[in-house]
A.B. asks: 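One structure is given below, represented as structure tokens, and several questions about it will come after.
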Number of protein chains: 2
Amino acid sequence: MPRAGTRPTSRDVARAAGVSQAAVSLVMGDKWRGRVSEATAERVRDAARTLGYRPNLVARNLRLGRTRTVLLVVPALTTEFFAGVYTGAARVASQHGFGVVLYPSPEGIGPARDPFASAEAALDGVIASSMAAEALTAIRGDQLPLVMLDSDPGASVGAATVNLDIADGIRQVTDHLLGLGHRRFLHLAADVASWTFEVRARELEERLRAVPGTSLRTARAPISIRGAEAAAQAALSVSPDRATAVVCDDDQLAAGVYKAARRLGLRVPDELSVTGIDDLALATAIDPELTTVRLDAELFGERGMGALLAVLEGRDPSADDIPVELIVRGSTGRA
Amino acid sequence: MPRAGTRPTSRDVARAAGVSQAAVSLVMGDKWRGRVSEATAERVRDAARTLGYRPNLVARNLRLGRTRTVLLVVPALTTEFFAGVYTGAARVASQHGFGVVLYPSPEGIGPARDPFASAEAALDGVIASSMAAEALTAIRGDQLPLVMLDSDPGASVGAATVNLDIADGIRQVTDHLLGLGHRRFLHLAADVASWTFEVRARELEERLRAVPGTSLRTARAPISIRGAEAAAQAALSVSPDRATAVVCDDDQLAAGVYKAARRLGLRVPDELSVTGIDDLALATAIDPELTTVRLDAELFGERGMGALLAVLEGRDPSADDIPVELIVRGSTGRA
DNA sequence: CACTGCAAGTTTTACGTATAACTACCGGGT
DNA sequence: ACCCGGTAGTTATACGTAAAACTTGCAGTG
């Protein structure tokens, strides 16, 4: 009889069913065929049911040396993008008997390595987004299998990477705007040191350099509507040669540009074209609706988890970039 | 010498430092004063450092029978609201040596009890938001300490609850709109069976019933901009007695009302006043900026974690509601 | 009849840690 | 000479599980 107030253990079940603890473990672990008779197995299952027994996962994890749990590190949850990444990752994980623990890290993982303070050594692997290099080495010091999302394939030594084809998204945006006759561009860049944003800047520069007669200015803003509003207002206040198209690193920045435009008396899209990246719900909430690059966050998460599973099983994590799609709406028009 | 490829254990450290495993445990656990000499302690710390030893948390948790980890169940991460709740909860938790694991449950916890499949028995407690009743009983069957956020204090038998004073928020909204001369109201309600939304409806009804000459219609929509747009368009198309003020269950719904209004040629706020609840970033992204009830998500999370800690320590979880604040912006005007 | 093989279990051990209980030594008081 | 108390450790055990190694009984085989 288990002591009251305590969860029943396999030994309690064994006692109740009149068998050994090992027999219980075999039955519950579904590895009893040819080891325990059908009748006994049923007796064990009955006892387990009436006692309300469920295996202690901590003990199981200690015994097996694995947890079937992975950590997903994301930089922020202020938009639904990383919620989608989680959803995709969790879906694939559960199909393989894995669980996903979510760690939102406003600053990336710092030297304190917060998530590991409570989860460390209870993880089979890590999927990390936009992570600082120091944190990367900290994790690799643990020999913990690691998949990096949207990270410099060159810098993430040895770790598998899964990337969105952001560069192609920028190409599509640029071609779209050039086709509308725009020549003077403003790049409203996220004020964050992260590979995924560096790609945007690099690709835009290269693309425009190839087209004679174009100009490109850059302004930086923290990823927030207010911050973008201020930066855009300043950048758009130059009187001659004001940009006619603003390419934003994400939709929130674009929303800030709308506010700056309104304040400056510039109509979108007649006097100013604006584009974003992400295709958040926000993109269709603002007026006019935002032309943006749709990123498939769930697919991103699925691929990330898939790559981690591959690493865990010793397979080779495939690494083709995930395609993105330009969604043309009302915020872009002829120059 | 630890086998290559394996994490060093306390026994490896003991061997390297020439002491027993127990001594290592004492030193690492900082409970060695009067048990181990300073010199030996230093030798142990040195050995641990050079071997890169960190305690195996799974083993520690098994030994101690607790994990210092709690689960935060949230219904969705599609807005930054629950990100704030997490941030607050995690801050308080870390001050007490606890970690918080986040489980976004699109449907509430189903019969499958997904999060527990991987975390069950590895948790010291649960903080749950808008959870289905069946899930509540499933958790209580585990005797796991539970705090409910924004749940019916009557229905959550025995569990501690922490609530936002939503009813007061609705009162403030109603008084504001009545003061502007509005008499015909539309309540755009979230199509979700959850106590926090029931409170909104009940309070609005009661408040308006007390004021002669007022009318109240109700429309329901799923919590999304598109859904709200459709529902609002239908509800606002009635030609006589059209509502002059729309009270929305949250900011996303309000954004949908903006779109419906635009489609119907109604100007906000001149011909239609609109209010939300939450004060998301979205509220200031749309034009005009949204009058809404600000909810302090981080404080909500802090209080939730505080209550859970109280339960864990056998103290009484205090239960006063968290105040909310009406933020008047440009979306409300004279009737 | 001795031997083999198999079903149906049981006994034992290991995972890595924390800690209760024990030991050994040494200086000092009586 | 003896005990006492404190210091500085060590030994042993338990947490709950999984699984390897062992035991037992019995039917079939040559």
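Labels below follow one simple rule: chain letters A, B, ... track the order of the sequence lines, proteins then strands, and each chain is numbered from 1.
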A.B. asks: On DNA chain D, compare the nucleotides closest to B:Arg43 and B:Ala59; which residue's is nearer the 5' end?
C.D. replies: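 This one resolves to B:Arg43.
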
A.B. asks: Does a side-chain N or O from A:Ser37 land closer than 4.0 Å to OP1 or OP2 of C:dA8, or not?
C.D. replies: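 Checking C:dA8 against A:Ser37, no side-chain N or O comes under 4.0 Å of OP1 or OP2.
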
A.B. asks: Describe the nucleic acid contact of B:Leu62 in one word from base, sugar-phosphate, nothing, applying a heavy-atom distance below 4.0 Å.
C.D. replies: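 Base contact - B:Leu62 has a heavy atom under 4.0 Å of at least one base atom.
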
A.B. asks: Should A:Ser20 be listed as having a side-chain N or O under 4.0 Å from OP1 or OP2 of C:dG9?
C.D. replies: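 No, no such contact exists.
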
A.B. asks: Evaluate the side chain to side chain contact (heavy atoms under 4.5 Å, CB included) criterion for residues B:Leu309 and B:Val92: first the C-alpha distance (whole Å), next the side-chain angles of each, then the deciding distance (0.1 Å), finally the verdict.
C.D. replies: CA-CA 9 Å; B:Leu309 287 171; B:Val92 171; 3.8 Å; yes

A.B. asks: A:Arg66 has an atom CZ; how far is it from atom C1' of D:dT17, in whole Å?
C.D. replies: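 It is 12 Å, rounded to the nearest whole Å.
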
A.B. asks: CG of A:Asp12 versus P of D:dC15: gap in Å, rounded?
C.D. replies: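 It works out to 11 Å between those atoms.
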
A.B. asks: Take atom CZ of A:Arg15 and atom P of D:dG16, then tell me their distance rounded to the nearest Å.
C.D. replies: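 About 11 Å, once rounded to whole Å.
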
A.B. asks: What class does the angle between the rings of A:Phe81 and A:Phe300 fall in, given that below 30° is parallel, 30 to 60° is tilted and above 60° is perpendicular?
C.D. replies: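 Judged by the thresholds at 30° and 60°, the geometry between A:Phe81 and A:Phe300 is tilted.
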
A.B. asks: Mapping A:Arg35 and A:Val24 onto DNA chain D by nearest heavy atom, which one lands closer to the 5' end?
C.D. replies: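 The answer here is A:Val24.
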
A.B. asks: Using 0.5 Å steps for rounding, measure from the OG atom of A:Ser94 to the CZ atom of A:Arg68.
C.D. replies: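 CZ of A:Arg68 is found 12.5 Å from OG of A:Ser94.
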
A.B. asks: Tell me what B:Val19 touches on the nucleic acid: a base, only sugar-phosphate, or nothing, going by heavy atoms under 4.0 Å.
C.D. replies: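 If one applies the 4.0 Å heavy-atom cut-off, B:Val19 turns out to touch the sugar-phosphate alone, with no base involved.
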
A.B. asks: Any side-chain donor-acceptor pair under 3.5 Å between A:Asn61 and A:Thr67?
C.D. replies: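 Checked: A:Asn61/A:Thr67 side chains show no N/O donor-acceptor pair below 3.5 Å.
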
A.B. asks: Is the shortest distance from a Lys or Arg side-chain nitrogen in A:Asp12 or A:Arg15 to a carboxylate oxygen in the other one below 4.0 Å?
C.D. replies: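 So A:Asp12 pairs with A:Arg15 through a salt bridge.
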
A.B. asks: What is the distance, rounded to the nearest whole Å, between atom CE of B:Met28 and atom P of C:dT17?
C.D. replies: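 It is 9 Å, rounded to the nearest whole Å.
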
A.B. asks: A:Thr9 side chain N/O closer than 4.0 Å to the phosphate oxygens (OP1, OP2) of D:dG16?
C.D. replies: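 No.
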
A.B. asks: Taking atom C1' of D:dA21 as reference, at what distance in whole Å does atom CG of A:Leu26 sit?
C.D. replies: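 Roughly 13 Å, once rounded to whole Å.
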
A.B. asks: Heavy atoms from C-beta onward define the side chain here; which of D:dT10, C:dT17, C:dT11 lies closest to that of A:Ala22?
C.D. replies: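 For the A:Ala22 side chain, the nearest candidate turns out to be C:dT11.
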
A.B. asks: Provide, to the nearest angstrom, the distance between the CZ atom belonging to B:Arg33 and the C1' atom belonging to D:dA8.
C.D. replies: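 My rounded result for the distance is 15 Å.
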
A.B. asks: Nearest to the side chain of A:Arg11, heavy atoms from C-beta on, is which of D:dG16, C:dT17, D:dT10?
C.D. replies: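 Given the options D:dG16, C:dT17, D:dT10, the side chain of A:Arg11 is closest to D:dG16.
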
A.B. asks: Does D:dG9 have OP1 or OP2 sitting under 4.0 Å from an N or O in the side chain of B:Thr40?
C.D. replies: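 Checking B:Thr40 against D:dG9: at least one side-chain N or O falls below 4.0 Å of OP1 or OP2.
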
A.B. asks: Taking the nucleotide of DNA chain C with the nearest heavy atom to each, does A:Ala39 or A:Gln21 sit closer to the 5' end?
C.D. replies: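 First, find each residue's nearest nucleotide; the 5'-ward one identifies A:Ala39.
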
A.B. asks: Nearest-Å distance, CG (B:Leu57) to P (C:dT17)?
C.D. replies: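 Spelled out: CG on B:Leu57 to P on C:dT17 is 9 Å.
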
A.B. asks: Among D:dT17, D:dA19, D:dT10, which nucleotide has an atom closest to any side-chain atom of A:Leu64?
C.D. replies: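 Within the option list, the nearest is D:dA19.
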
A.B. asks: Given atom CH2 of B:Trp32 and atom P of D:dT10, what is their separation to the nearest angstrom?
C.D. replies: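 Whole-Å distance recorded here is 15 Å.
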
A.B. asks: Considering every strand and a 4.0 Å limit on heavy-atom distances, what is the contact class for B:Arg60: base, sugar-phosphate, or nothing?
C.D. replies: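 Sugar-phosphate, no base atom in range.
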
A.B. asks: Kindly give the heavy-atom pair with the smallest separation between B:Leu312 and B:Pro145, and that separation in Å.
C.D. replies: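 Closest approach of B:Leu312 to B:Pro145, heavy atoms only: CD2-CG, 3.7 Å.
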
